Amino acid sequence: MRYSQTFPRTLDNLDFTPGTQVEIWTFDDVFARRAAEARLAAKDVQARIRSALKPLLHFFVEDVALDGLTAVDVSYPVHPEAPANRFLLEAYPLPALLPGVGVSFRPGGEAAYQVTLHYGARQEMHHVFAPNRLHQDATGGLVLSPTGWLRSAETDTRIETDVEAVFAAALAAVAGHDWDKAEPFFEELNIHVTLPMQDLPLPCGDEVISLREAMHEDLYFSVLEHFQIRTGRQIGARDLRPGQIVPEVVAGPDVTLRVETRAFNITPPAAKPRQPLDQAQAPLCPLQVAGELAALGGTGFTAGSRSNRAVQARHLPGAGRAVMISAGQHANETTGVVGALRAAQRLAQQGAAFTISPLENPDGYALHQRLIDANPRHMHHAARYTALGDDLEYRSADMPGEKAIRTQAEQLSGAVLHLNLHGYPAHEWIRPFSGYVPRGFALWTLPKGFFLIFRHHPGWEAATEVLADRVTKHLADVPGLILQNRAQIRLYEIHAGETGFRMINGFPCLISTDDRHAVPLTLITEAVDETIYGSAFRMAHEAQMQTVLAARWALQDLDLPVV
C-alpha cells in the first residue's frame with residue numbers, strides 16, 4: 001500500500017475580520033504560536049494562541065511570573081468519561097518545576113483548571129481552559145482527548161488541528177486497506193510524518209513535552225489495536241504478529257503524512273565508536289554488543305529473528321549455582337544490554353556458571369538505532385517488540401524464533417534464577433489523541449524509580465523474600481539511586497497516587513506467584529532508562545549490573561525447595 005498527503009497548517013490558515021479578538025488552542029510550539037500572533041496583529045487581529053497539549057504546564061512556562069511566587073493552589077478538571085486523575089496527570093510535573101513553592105491540587109469542574117497564585121499576601125486568580133473532545137478512538141471506545149479550540153465573541157467551538165487530521169488520516173489509511181487474512185500482514189508498515197514542532201525540555205529530570213514523540217506513541221499503539229481488533233484478539237494482546245509497525249515522526253517545515261508497506265530494512269548497522277562498558281553514556285552499537293559477548297569466552301549458541309538477524313548468547317559452565325542473564329527483550333530499553341555485559345564480565349572473571357543473551361530482540365534493536373538518529377530522546381516504542389510485531393515472551397511454542405534462546409539457556413545452564421533486565425520511560429508517556437493515558441500501561445506513564453519484579457513458582461515464597469531483601473540492600477549502595485527513587489516516587493504519588501508496590505529497603509518491589517516461566521525464580525529489573533544519556537545512563541546500567549551480581553551472590557546460599 002502507499003498513501004500520502006500534505007496538510008494545511010492550522011496556524012497559516014487563521015483568517016479573521018480586522019478588530020477581532022480571539023483565543024485559539026493548537027498543538028504548535030511556542031515559537032510558531034507567537035509568530036502567528038504577530039502575523040495576525042499586523043492585520044489588526046488581537047489573538048492569543050495557547051497550547052492544547054498540557055495547557056496548565058504551558059501556562060506556567062509561558063505566562064506566570066515566578067519571581068516572588070510562594071504558593072500555588074490548583075483545582076483540576078474531573079470529567080465523568082475520563083479517569084478521575086486524568087487532568088492531574090496532565091499537570092505533571094508542575095511541583096518539580098517550582099522548587100520552594102508549595103503546590104496543592106484538588107478536584108474541580110469539567111473543563112478548566114482554576115489556579116490561585118500566591119505572592120506572599122497578594123493573590124492572583126486564573127482560569128486555564130483545557131480543550132478536549134469526547135470521541136470514539138480506534139478501538140471504538142469513548143475517550144476524552146485534547147483538541148484544538150477557537151473562542152471569540154461569536155464562537156466557542158472545537159477546531160480540528162493539522163496534527164489531529166494527520167493522526168486521523170493515518171489510521172483511516174490503515175483501516176481502509178485490504179490486508180491479507182494471514183499474519184503477518186507486512187514486513188514493515190512505515191508511517192512517516194513530518195511536523196514543524198520543536199520539543200520543549202523541562203528543568204526536571206529527563207522530562208520533555210514532545211508532540212512528535214506523542215504522535216509516534218499514539219500511532220504505534222493505535223495501529224496495534226486496529227490489528228488486534230481485526231484479528232479478533234483482546235486489546236493489548238501481545239501475541240499479535242502483524243509485522244513491524246514503524247511510525248517515523250520527524251521535524252520538517254510542512255505537515256505531511258506517508259503510509260506505505262516496505263520490505264525489511266536489513267542494512268547492516270553502521271559502526272560507531274566503541275564505548276568503555278563501565279563508562280557507556282548511550283545505547284551500544286550492535287557490533288560492540290556482539291564483540292563484547294564473544295570476548296567472554298565459553299560456548300556460543302544462537303536463535304534466529306524474523307529478518308534473519310542472529311540472537312547471540314554464551315554459556316560459561318563455571319562454579320556455583322548457575323543463573324540466566326537476558327536483556328533487550330524490549331529493544332528500546334537499552335541500559336539492560338550494558339548492565340548484562342558488565343555483569344557477565346565480572347562473573348566470567350570469578351569463574352561463575354551462567355548464560356547470557358544480552359540482545360534478545362535484534363530486529364527491534366536495529367530499528368531503535370535507526371530511530372534515535374533523528375530523535376535520540378524519544379521513547380520509540382515501535383522498537384519494543386519483534387519484527388513480527390509480538391512480544392517474544394508471548395511467542396507460542398510452535399514458532400519459537402527469538403524465544404528459543406531462552407529454552408537453550410535453560411537446558412544448558414540448569415539455572416533456577418533468570419535475571420531479565422528491563423527498563424521503562426524516563427519521562428511522561430502519553431497518547432494525546434486516544435484519551436491521553438496509554439491504554440493498558442497506566443502504571444508506566446510516569447517514572448517511579450528503579451524497581452524490581454519477582455516472579456516465583458509455588459513453594460518458592462521464602463527464598464524469594466530473602467532474595468528481595470539481599471538484592472535491595474545491595475542496590476542501596478549504588479550512588480544516587482535511592483535519592484532518584486525518592487524524588488520520582490514523591491512526584492508520582494502527587495499525580496498518580498500510590499504505586500501499589502511494596503517498598504523493600506527503599507525500592508518498589510512486586511512479588512507474585514507465577515508459573516508462566518520454566519525457571520522457578522525470575523527477577524525483572526525496571527530501570528528508568530528510555531531516552532536517557534550521560535550520567536543518568538551510567539547510573540542505570542550500574543544498577544542493572546549490581547542487581548545481577550547481588551542476585552547471583554544471594555542465590556548461592558539460599559535455602560531452595562527441591563525442584
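In this chain, residues are counted from 1 in sequence order. Only a predicted model underlies this, so the values are computations on that prediction, with no experimental measurement involved.
- Under the 3.5 Å distance criterion, with hydrogens and angles disregarded, no donor-acceptor pair is assigned to the side chains of Asn375 and Glu248.
- Salt-bridge annotation for Glu333 and Arg384: present, with a side-chain N of the basic residue lying under 4.0 Å from a carboxylate O of the acidic one.
- Between His216 and Tyr220, the two ring planes are parallel [angle under 30°; tilted spans 30° to 60°].
- Using modelled atom types, no side-chain atom of Glu542 and backbone atom of Asp278 make a donor-acceptor pair closer than 3.5 Å.
- Checked against a 6.0 Å centroid threshold, the rings of Tyr394 and Tyr385 do not count as neighbours.
- The salt bridge (Lys or Arg N to Asp or Glu O under 4.0 Å) test applied to Arg241 returns no partner, not counting sequence neighbours.
- For the side chain to side chain contact (heavy atoms under 4.5 Å, CB included) with Glu402, the qualifying choice from Asp390, Val311, Leu388 is Val311, the only one to do so.
- Between Ile489 and Pro508, some side-chain heavy-atom pair lies under the 4.5 Å cut-off.
- Within the 4.5 Å cutoff, no side-chain heavy atoms of Phe354 are placed close to those of Leu419.
- The nearest pair of heavy atoms linking Ala331 to Gly364 is CB-C, 3.3 Å.
- Put simply, CD on Gln369 and CG on Leu284 are 8.5 Å apart, with the number rounded to the nearest 0.5 Å.
- Between Val246 and Ala382 the shortest heavy-atom distance is CA-CB, 4.4 Å.
- Put simply, the residue from Phe221, Tyr436, Trp444 that forms a ring-ring contact (aromatic ring centres under 6.0 Å, His included) with Trp429 is Phe221.
- Asp180 places no side-chain N or O within donor-acceptor distance of the main-chain N or O of Ala182, the cut-off being under 3.5 Å.
- Of the possible donor and acceptor atoms, one in the side chain of Asp363 sits under 3.5 Å from a partner among the backbone N and O of Ser307.
- With Arg431 as the partner, the salt bridge (Lys or Arg N to Asp or Glu O under 4.0 Å) test is satisfied by one option alone out of Glu225, Glu217, Glu213: Glu225.
- Annotation for Gln556: atom CD counts as buried by contact number, over 12 foreign heavy atoms lying within 6.0 Å.
- Judged by distance alone, the side chain of Gln228 and the main-chain N or O of His226 form no donor-acceptor pair under 3.5 Å.
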**Message:** For a side-chain contact (heavy atoms from CB on, under 4.5 Å) check, start with the C-alpha distance between Glu207 and Tyr92, then their side-chain angles and the critical distance, and finish with the verdict.
**Reply:** CA-CA 10 Å; Glu207 294 301 331; Tyr92 175 87; 2.7 Å; yes
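- Ser413 places a side-chain N or O within donor-acceptor distance of the main-chain N or O of Ala415, the cut-off being under 3.5 Å.
- The local environment of CG in Asp373 is crowded, with over 12 non-hydrogen atoms from other residues, nucleotides or ligands closer than 6.0 Å.
- The two residues Gln484 and Phe450 have their closest heavy-atom pair at NE2-N, 4.5 Å.
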**Message:** Evaluate Val338 against Arg538 for side-chain contact (heavy atoms from CB on, under 4.5 Å), listing each step before the verdict.
**Reply:** CA-CA 9 Å; Val338 185; Arg538 291 198 304 272; over 6 Å; no
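- Considering only heavy atoms from C-beta on, Tyr533 comes within 4.5 Å of Ile372 through its side chain.
- Taking 4.0 Å as the cut-off between side-chain N and carboxylate O, Glu526 and Lys448 do not count as a salt-bridged pair.
- Tested against His517 for a side chain to side chain contact (heavy atoms under 4.5 Å, CB included), the candidates Arg455, Glu410, His418 yield a single pass: Arg455.
- Here the OG1 atom belonging to Thr231 is positioned 4.0 Å from the CZ atom belonging to Arg233, to the nearest 0.5 angstrom.
- At least one donor-acceptor pair closer than 3.5 Å links the side chain of Asn265 to the backbone N or O of Thr267.
- Of the charged side-chain nitrogens involved, at least one lies within less than 4.0 Å of a carboxylate oxygen, so that Arg370 and Glu188 count as a salt-bridged pair.
- Around CG of Leu443, the count of heavy atoms belonging to other residues, nucleotides or ligands within 6.0 Å exceeds 12.
- Between Phe227 and Phe186, the distance separating the two ring centers is shorter than 6.0 angstrom.
- A perpendicular orientation is assigned to the rings of Trp179 and His177, their planes being inclined by more than 60° (bins at 30° and 60°).
- Side-chain atoms of Asp391 and His330 form a donor-acceptor pair, as typed in the model, at a separation below 3.5 Å.
- A side-chain donor-acceptor contact under 3.5 Å links Asn332 to the backbone of Met379.
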